[in-house]
Amino acid sequence: MNEKFLSPYNAQKTEDAIYKKWEESGFFNPDEMINAQLTQPDAESFSIVLPPPNVTGTLHTGHASMLAIEDIMVRYNRLLGKKTLWIPGTDHAAIATQSKVEKLLQKEKIRKHDLGREEFLKKVNEFAQNSHDTIIAQCKKMGASLDWSREAYTLDEQREEAVYTAFKKMYDDNLIYRKERIVNWDTKGQTTISDDEVVRVDRPGKMYTFKYSHDFPFPIATTRPETKLGDTAVAVHPDDKRYQQYIGNEYSFNFAGADVTVKIVADEHVDPEFGVGALGVTPAHSIADWEIAERHNLPLKQIINEYGKMTIGMEGVKDTKVAQARESVVAWLESEGLLIETEDIIQSVGTAERTGAVIEPLPKLQWWIDVNKKFTLPYSNIDGITSGSQVTLKELMLQVVENEQIKIMPAQFEKQYLHWINNLRDWNISRQIWFGHRIPVWYKGEEIHVGAHAPDDSGEWVQDEDTLDTWFSSGLWTFSTLGWPNLDSKDLHTYHPTQVLETGYDILPFWVARMILMTTYLLGDIPFETVYLHGLVRDAQGRKMSKSLGNIINPVDLIEKYGTDALRMAMIVGNGPGNDVNLDENKIKAYSKFGNKLWNITRFILTETHVSDDNDLIEFSPRDKELLNEQQTLISEITKEMDEFKYYIVGEKLYHYIWHTFADEILEESKNIFENGNEIEVMSRKHFLRQTLKTMLIILHPFMPFITEEIWQDIKNDTDRDILMTALWPKY
RNA sequence: GGGCGAUUAGCUCAGUUGGCUAGAGCAGUUCGUUUACACCGAAAAGGUCAGGGGUUCGAGUCCCUUAUCGCCCACCA
């Protein structure tokens with residue numbers, strides 16, 4: 001017996017060496033499995049993409065849990081003899097990464113505009129590369145059996161080709177168009193900022209109640225009178241008796257030197273209790289109003305420029321900053337006798353996180369994907385939609401879930417998905433940041449060219465300054481990682497659609513929905529058959545992990561203390577799809593004890609039996625036949641539950657069988673048999689113990705890959721597969 | 001305001017087509033252990049499954065309702 005079994009199991013000493021052994025074998029790559037004749041070339045395939053972690057830093061416990069679940073899926077299917085592929089990669093995560101680097105630069109008092117686009121991107125790429133390296137190392141620590149030879153990055157060359165191909169096709173199909181939309185504009189920084197960078201600050205303000213003109217039938221209320229020059233409508237609640245008679249009317253008048261025409265519209269979102277229950281709609285300078293304008297097809301009238309100055313109005317308004325214009329407009333209202341009431345209020349004002357400037361919502365030209373426009377789908381593998389039929393993106397997204405070609409687990413999220421898609425509006429795909437796929441559109445005067453490069457003709461072509469929403473590239477992930485847009489790619493034919501997408505429920509609308517959109521559109525097929533959604537990892541008390549609570553747990557610390565196997569088990573047992581899991585250190589400790597239990601079971605068996613006991617038996621003793629039957633029942637149950645993704649139950653069952661049946665009963669009973677049993681009983685039992693241990697190692701392998709592989713190396717015989725990872729799931 | 005979820009042993013949680021004498025880990029109790037394992041074994045203790053009502057031969061599990069807690073989305077003109 002190998003003397004390592006004389007001391008307790010040492011995960012720290014074992015795990016890195018085992019991972020290295022797997023990696024060197026090459027068997028994470030299904031092609032190598034086939035070459036070594038461990039997998040049949042015509043075997044069923046099982047493929048899954050790793051949701052690419054953002055290159056914004058390091059992996060957290062949520063990633064650890066994700067890797068554990070997916071590795072179980074992958075290892076299980078590999079043991080079933082399938083051609084099994086798990087594709088690794090990382091996500092450039094445009095805004096998240098860019099703002100992270102901006103923050104780091106800010107500490108050195110460097111601003112991105114001082115560096116310029118190229119220099120700044122160099123810094124971001126450097127940061128991304130470092131994050132990437134950390135992330136890959138952490139994935140390996142978790143034991144993830146990812147095929148590193150196929151690693152991808154959402155911003156690498158191959159993915160860029162996929163992105164540009166997809167963009168061009170959508171543009172040619174008239175599904176991509178350009179239109180104005182309200183964005184958060186920072187007048188100090190002269191840039192657009194994302195919603196998460198807007199800091200809400202409570203400030204004293206004034207609510208003005210006034211009439212537009214003496215002819216206008218009722219007053220409205222606002223905190224920003226200067227924007228009223230840009231009003232194109234007044235919104236009221238449809239059930240509000242005070243205003244019902246005016247709905248549909250149009251009024252024109254002069255307001256502080258500007259000609260204004262407003263239409264009275266009914267909108268559910270107006271609160272009749274707030275203010276006077278009537279709201280002047282300024283589509284160009286308020287995000288909320290812009291949304292009302294979208295619903296009612298109202299015109300957009302920009303009256304404030306990028307420097308926060310008014311572009312129209314009377315003397316004292318035009319060409320002044322908004323704060324000053326406000327005073328002028330209020331003074332004008334007073335002098336005209338239109339001002340009815342001024343009330344002091346506390347209002348929540350959006351300010352730029354970085355410059356502190358008050359956000360000025362402005363309309364900017366943006367690129368959009370039309371989800372309601374009919375186009376011809378040339379090829380369709382979607383049930384209920386024939387090749388060559390006219391469909392919209394929204395219809396495709398609904399169809400594949402309604403017809404159950406894609407199943408979402410747990411089922412309650414299916415409702416949520418359908419509800420979300422039914423309310424889906426056009427997707428704004430442009431972002432006013434530098435890091436990401438630059439929009440493949442070129443301008444020369446009025447001319448527009450769509451493609452990766454400017455046309456070769458003479459003349460100054462200028463590329464669009466904006467970049468694409470990060471979800472545009474990750475939406476292509478299941479097939480851009482398999483060779484698309486090269487339609488002859490062998491991987492694409494073998495491994496697409498993928499079988500499972502395993503990800504967090506929080507990105508169902510962002511990522512999952514977008515992958516369905518892109519795949520149904522570009523391939524006429526589904527991206528995956530099952531969506532398995534996991535929950536959040538919380539601390540032992542069920543609190544969300546956050547910097548401010550100081551309760552963030554680094555998975556690597558836990559691994560160093562208890563080993564990866566123990567951490568994986570603790571994260572799996574009791575963690576069903578869609579449920580949040582509380583990570584209790586005691587639970588991890590308990591499973592590290594379990595690992596040691598298995599270790600000691602092995603020690604006992606290696607002491608009491610010999611490899612020759614593996615030889616064919618003449619007959620099993622009646623007791624061992626009974627035990628084998630029990631075992632068969634267990635395996636058949638477990639196999640069924642594995643197929644149903646019930647890893648949380650299987651993990652617990654294995655724990656119980658191995659500890660409380662195999663060790664506590666069978667091993668104890670064996671001591672007596674070895675001492676007092678007849679020859680048949682002894683031989684039978686020795687054979688049984690070795691076979692059972694091997695069987696347990698195989699079925700426990702997906703959960704605790706390291707220790708099972710380590711033991712396998714000492715219990716296997718010449719007819720067994722050399723590496724447990726490549727073994728075959730027991731028959732039952 | 002809209003949507004979703006949770007409430008089971010002292011603590012943290014399983015219990016997924018209704019069949020449980022309701023389970024696990026940790027903590028606590030009693031006893032034991034010179035070799036597979038103290039990262040141990042044996043035995044017991046602990047619960048009107050949030051409250052109420054209903055469906056059913058049968059409900060922790062399905063329906064209604066109340067209470068408490070939590071999450072997501074929207075919005076404050």
Side-chain angles (χ1 to χ4, degrees), chain A residues 1 5-11 200 205 207-209 220-225 227-228 231 234-236 267-271 273-282 285-289 291-292 345-348 409-413 415-416 419-420 423 505-506 508-509 535-536 538-544 562-563 566 569-570 572-609 641 644-646 648-649 651-653 655-656 659-660 662-665 667-668 670-671 689 693:
Chain A
M1 182 175 61
F5 287 105
L6 295 177
S7 45
Y9 176 61
N10 187 330
R200 296 249 150 217
M207 171 86 81
Y208 304 94
T209 305
I220 59 160
T222 185
T223 54
R224 296 195 61 187
T227 64
K228 300 295 101 181
D231 281 9
V234 170
V236 297
D267 196 287
E268 298 275 345
H269 287 245
V270 178
D271 179 3
E273 306 292 317
F274 193 91
V276 291
L279 121 91
V281 182
T282 322
H285 300 288
S286 153
I287 290 172
D289 290 6
E291 288 184 357
I292 294 175
I345 55 156
I346 298 294
Q347 67 177 141
S348 155
M409 295 181 60
Q412 77 238 30
F413 285 102
K415 273 188 276 176
Q416 207 165 303
H419 182 256
W420 193 80
N423 293 301
Y505 62 69
D506 48 333
L508 177 67
L536 296 172
R538 298 168 176 278
D539 73 3
Q541 283 87 47
R543 297 173 307 176
K544 218 171 176 169
Y562 303 104
M569 276 297 264
I572 292 304
V573 173
N575 181 14
N579 283 340
D580 291 351
V581 63
N582 294 0
L583 192 61
D584 184 351
E585 210 170 315
N586 279 323
K587 198 171 165 187
I588 307 171
K589 205 164 146 190
Y591 285 110
S592 74
K593 287 187 190 176
F594 173 60
N596 195 54
K597 190 74 185 179
L598 186 61
W599 193 250
N600 283 304
I601 288 169
T602 307
R603 184 201 298 187
F604 176 81
I605 292 174
L606 289 176
T607 310
E608 299 292 334
T609 70
E641 284 155 353
E644 291 168 351
F645 304 98
K646 293 177 180 170
Y648 55 108
I649 291 175
E652 197 168 3
K653 270 192 185 166
Y655 175 91
H656 268 99
W659 198 311
H660 298 298
F662 192 40
D664 289 349
E665 288 173 23
L667 254 55
E668 289 307 318
S670 302
K671 292 176 189 169
L689 288 181
L693 178 57

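Only this structure's heavy atoms are used, side chains among them; waters, hydrogens and symmetry mates stay out. Keep in mind it's a predicted model, so treat the numbers as computed, not measured.
If you take CD of A:E291 and P of B:C73, they are 14 Å apart, rounded to a whole angstrom. Nucleotide B:A42 holds its C1' atom 13 Å from the CD atom of A:E665, rounded to whole Å. To the nearest angstrom, C1' of B:C39 lies 5 Å from CG of A:N596. In this structure, A:F594 places its CZ atom 15 Å from C1' of B:A36, rounding to the nearest Å. When the P atom of B:C40 is taken as reference, atom CG of A:L667 falls 16 Å away, rounded to whole Å. Between the CD atom of A:E644 and the C1' atom of B:U17 there is a distance of 10 Å, rounded to whole Å.
Put simply, the side chain of A:E668 and the base of B:A36 share a donor and an acceptor less than 3.5 Å apart.
For B:C49, there is no paired base (Watson-Crick or G-U wobble, both distances below 3.5 Å). Pair assignment for B:G1: B:C73, on the basis of Watson-Crick or G-U wobble contacts that are both within less than 3.5 Å.
A:Y562 is linked by a side chain to side chain donor-acceptor pair (under 3.5 Å) to A:E585, counting only residues two or more places apart in sequence or in another chain.
Of all nucleotides listed (B:G15, B:A77, B:A36), B:A77 comes nearest to the side chain of A:T222. Of the candidates B:A14, B:G41, B:C75, B:C75 carries the atom nearest the A:A288 side chain, counting heavy atoms from C-beta on.
Under the 4.0 Å criterion applied to side-chain N and carboxylate O atoms, A:E608 and A:K671 are not assigned as salt-bridge partners.
Nucleic acid contact for A:E641: none, since no nucleic acid atom lies under 4.0 Å from a heavy atom of the residue. Residue contacts for A:A278: at a heavy-atom cut-off of 4.0 Å it reaches no nucleic acid atom on any strand shown. Within 4.0 Å (heavy atoms only), A:D664 reaches sugar-phosphate atoms of the nucleic acid but no base atom. Residue-level contact check: A:S592 touches the bases, meaning some heavy atom is under 4.0 Å from a base atom.
Under the side-chain contact (heavy atoms from CB on, under 4.5 Å) rule, A:V281 has a single partner from A:V234, A:I220, A:I292, A:D231, which is A:I292.
Across the interface with RNA chain B, nearest-nucleotide mapping of A:K646 and A:A663 shows A:K646 to be the residue nearer the 5′ end.
Panel note: side chain A:S286, backbone A:D289; a donor-acceptor pair is recorded below 3.5 Å.
Within the structure, every side-chain polar atom (N or O) of A:W659 is placed at least 4.0 Å from both OP1 and OP2 of B:C37.
Base orientation for B:C20: syn, the chi torsion being within 90° of 0.
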Enumerate, atom names and distances included, each donor-acceptor pair closer than 3.5 Å involving a side-chain atom of residues 589-597 of chain A, sequence neighbours excluded.
{"from": "A:S592", "atom 1": "OG", "to": "A:K589", "atom 2": "O", "distance (Å)": "2.8"}
{"from": "A:N596", "atom 1": "OD1", "to": "A:Y9", "atom 2": "N", "distance (Å)": "3.0"}

Identify all pairs in which a protein N or O lies below 3.5 Å from an N or O of nucleotides 18-28 of chain B, and state each distance.
{"from": "B:C26", "atom 1": "O2'", "to": "A:N586", "atom 2": "ND2", "distance (Å)": "3.4"}

